[in-house]
Amino acid sequence: MKRTGRFIFLLTATTAVMSACGGGGGSTSPMSLPSVMPSTPARPPVSASSVIKHVVIIVQENRSFDNLFNGFPGADTAQGGTTSTGAYIPLATVGLEDGADPNHRRSDFVNSFDGGKMDGFDKVGVFGPSRPSTYVYAKVPQSEVQPYWDYAKNYGIADRMFQSSTSASFTQHQYLIAGQSAGLTDVPSALPWGCDAPAGTTTVTINPDGSLGTGPFPCFSYKTIADSLDAKGISWGYYAPAVSSGDVAGNIWSAFDAISPVRFGADWTRNIHSPETNVLGDITGGTLPSVSIVIPDSANSDHARFSAVNGPAWVSSIVSAVGNSKYWNDTAIFVTWDDWGGWYDHVPPIAIDAEGPGMRVPLLAISPYAKHGYISHTIYETASLTRFVEDVFGLGNMGQRDATAHSPVDMFDFTQTVKPLAAVRTTKSIRDFQMQRPSGLAPDTD
């Protein structure tokens with residue numbers, strides 16, 4: 001009896017459910033299924049701001065893409081170039097330690113660019129030891145910059161990165177912190193480049209038609225990334241060497257020296273750090289700010305004037321410090337070179353305005369979220385790094401070149417599983433750089 005009663009109960013319950021689902025009173029037809037089953041809600045896209053909490057921008061000196069990454073597999077490089085006489089010159093091998101410095105001011109850009117023909121590099125001349133006019137048609141041997149190549153192979157490299165301005169270092173560093181350079185080109189007439197310059201220091205302005213004029217004393221108050229970060233309460237640091245030669249004793253080689261509210265405000269002592277090797281201690285000590293810009297000592301800068309090959313090891317020391325710290329899981333590291341240094345490059349920039357962009361320079365993206373072995377062909381400029389910081393931290397743009405520059409976000413896949421930093425062999429350790437005696441020389445003066 002118990003067994004029969006249970007069977008009748010189950011049959012009755014099942015019939016009731018089928019009738020309800022079938023929509024007919026008392027119907028015993030099979031339950032119909034919807035033609036389209038509901039799908040699992042799509043996961044929201046992973047954005048940079050959701051995973052990146054620290055950005056480190058390492059700025060090296062004066063190298064073009066063809067000069068530093070010549071022959072890099074998959075990248076757009078040339079094995080030679082044409083001179084102003086129409087002659088084809090194969091690129092010679094010139095080491096970082098050679099010591100001759102190609103000229104690289106606005107006039108040198110104009111001559112080299114030659115209306116987009118890229119055939120006037122033999123007109124730029126060289127500062128320092130005497131060299132032939134074709135000296136700048138050169139590439140650095142891969143063996144000297146192997147760490148850079150290894151990072152490019154393991155992470156990401158961009159072969160359409162251009163300096164924002166058509167002149168030398170001063171303006172590029174202004175574009176990095178402000179997306180502009182107040183209409184200036186070339187460099188101030190005396191060191192240091194900023195509010196600490198001697199009285200009577202002048203600058204060079206560039207007019208919309210490309211003509212040049214005499215500009216004001218190099219101490220400005222335009223908006224910079226410091227204002228945007230401070231307003232949001234986001235920590236930042238600018239790590240730069242002190243310079244102690246000639247008339248710049250005791251000063252710091254900092255782009256913010258040209259920004260009056262920073263130079264004469266609380267940010268100067270709170271956010272401007274010297275020597276630049278302090279960044280290594282801040283990483284290992286757990287006090288790295290959310291945004292860090294790192295400027296090298298001249299001995300580690302890759303600048304052609306200094307007979308040194310330490311640049312790749314210096315960059316590696318910072319990357320290794322981050323990679324072996326708690327910061328690796330949420331950090332994006334960029335390595336770039338502030339200007340082309342006069343060296344040959346075959347890719348002509350596409351002008352936005354009279355100020356630039358200028359020549360092509362390398363850009364590396366190193367992060368657990370960087371696309372592995374990726375070569376970006378997207379057009380970037382110096383202000384693209386500013387834009388990346390603005391987008392990650394929700395700062396909004398400053399209405400300058402940062403507003404139109406492409407952020408290098410395509411070099412990342414933020415859904416990737418975090419993996420340890422790929423090992424790179426270098427000639428010096430983090431400790432070596434912490435113990436290195438500062439040169440006292442500005443990383444660039446031209």
Side-chain angles (χ1 to χ4, degrees), residues 51-60 147 151 173 176-177 224-226 228-230 232-243 250-257 259 262-263 265-301 310-336 364-370 385-386 388-389 392-393 395 418 420-421 424 426 428-439 443:
V51 294
I52 299 298
K53 307 304 178 185
H54 295 85
V55 178
V56 178
I57 301 172
I58 305 170
V59 185
Q60 293 293 98
Y151 287 129
H173 288 256
L176 180 60
I177 66 170
T224 70
I225 197 72
S228 302
L229 292 166
D230 287 345
K232 286 270 190 175
I234 297 169
S235 61
W236 62 276
Y238 190 98
Y239 297 84
V243 290
N251 288 293
I252 300 173
W253 202 91
S254 169
F256 284 107
D257 191 20
I259 308 301
V262 174
R263 177 61 187 91
D267 282 347
W268 189 254
T269 54
R270 182 179 58 209
N271 302 95
I272 311 300
H273 306 291
S274 184
E276 75 292 342
T277 51
N278 285 349
V279 70
L280 299 172
D282 286 351
I283 295 168
T284 57
T287 57
L288 184 71
S290 297
V291 179
S292 303
I293 299 174
V294 187
I295 309 302
D297 185 281
S298 61
N300 308 320
S301 68
N310 294 332
W314 160 244
V315 169
S316 295
S317 73
I318 303 169
V319 175
S320 296
V322 173
N324 291 286
S325 74
K326 66 179 183 179
Y327 298 112
W328 175 243
N329 290 7
D330 64 15
T331 297
I333 302 171
F334 293 102
V335 185
T336 194
L364 301 175
I366 306 167
S367 170
Y369 304 104
L385 303 181
T386 317
F388 184 88
V389 171
V392 165
F393 295 102
L395 306 179
V418 172
L421 174 69
V424 168
T426 66
K428 291 181 178 290
S429 67
I430 293 173
R431 182 65 174 168
D432 288 333
F433 286 103
Q434 290 178 312
M435 296 298 292
Q436 185 184 63
R437 178 174 295 180
S439 69

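Bear in mind the structure is a predicted one, so any value in this text is a computation, not a measurement. We count residues from 1, following the sequence as given.
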**Item:** Side-chain donor or acceptor of S274 paired with backbone N/O of A240 under 3.5 Å
**Value:** yes
**Request:** Enter the distance from S317:OG to N310:CG here, rounded to the nearest 0.5 Å.
**Result:** 10.0 Å
**Request:** Please round to the nearest 0.5 Å and tell me the distance separating atom NE2 of H173 and atom OH of Y238.
**Result:** 5.5 Å
**Distance in Å, L176 CG paired with I295 CD1, rounded so as to fall on 0.5 Å steps** = 7.0 Å
**Prompt:** Between W236 and F256, how do the two ring planes meet: parallel, tilted or perpendicular, split at 30° and 60°?
**Reply:** tilted
**Request:** Check step by step if side-chain contact (heavy atoms from CB on, under 4.5 Å) holds for I293 and L385.
**Result:** CA-CA 11 Å; I293 299 174; L385 303 181; over 6 Å; no
**Request:** Determine, stepwise, if the pair F334 / V389 fulfils side-chain contact (heavy atoms from CB on, under 4.5 Å).
**Result:** CA-CA 11 Å; F334 293 102; V389 171; over 6 Å; no
**Request:** Indicate yes or no: at least one non-hydrogen side-chain atom of W314 is less than 4.5 angstrom from one of S301.
**Result:** no
**Asked** Is the shortest heavy-atom distance from the side chain of W328 to the side chain of V418 under 4.5 Å?
**Response** yes
**Prompt:** To the nearest 0.5 Å, how far apart are CG in L364 and CD1 in I58?
**Reply:** 9.0 Å
**Asked** Applying ring-ring contact (aromatic ring centres under 6.0 Å, His included), which residue pairs with at least one partner in residues 274-300 are found, sequence neighbours left out?
**Response** none
**Request:** Check V279, V319, V335, T331 against V56 for a side-chain contact (heavy atoms from CB on, under 4.5 Å) and give me the one that passes.
**Result:** T331
**Request:** First locate atom CD1 of I52, then atom OG of S290, and finally report the distance between them rounded to the nearest 0.5 Å.
**Result:** 12.0 Å
**Fill in**
When every non-hydrogen atom of Y239 is compared with those of L288, the smallest separation belongs to OH-CD1, 4.5 Å
**Asked** Name the one of P443, S254, P296 that satisfies side-chain contact (heavy atoms from CB on, under 4.5 Å) with P241?
**Response** P443
**Request:** Please determine, by modelled atom types, if N300 and E276 share a side-chain donor-acceptor pair under 3.5 angstrom.
**Result:** no
**Fill in**
Between V424 and S316 the two heavy atoms that sit nearest each other are CG1-OG, 4.3 Å
**Prompt:** Just how far is it from atom CG of N329 to atom NE2 of H54, taken to the nearest 0.5 Å?
**Reply:** 11.5 Å
**Fill in**
Between W268 and V262, the two heavy atoms sitting closest are CB-O, 3.2 Å
**Residues D257, I252; criterion side-chain contact (heavy atoms from CB on, under 4.5 Å); working and verdict** = CA-CA 8 Å; D257 191 20; I252 300 173; over 6 Å; no
**Fill in**
Heavy-atom nearest pair, P289 first then G237, reads CG-N, 3.6 Å
**Request:** Taking all heavy atoms of S325 and all of V322, pick out the closest pair and write down the distance.
**Result:** OG-O, 2.8 Å
**Request:** Just jot down the salt bridge (Lys or Arg N to Asp or Glu O under 4.0 Å) partners of D297, sequence neighbours excluded, or say none.
**Result:** none
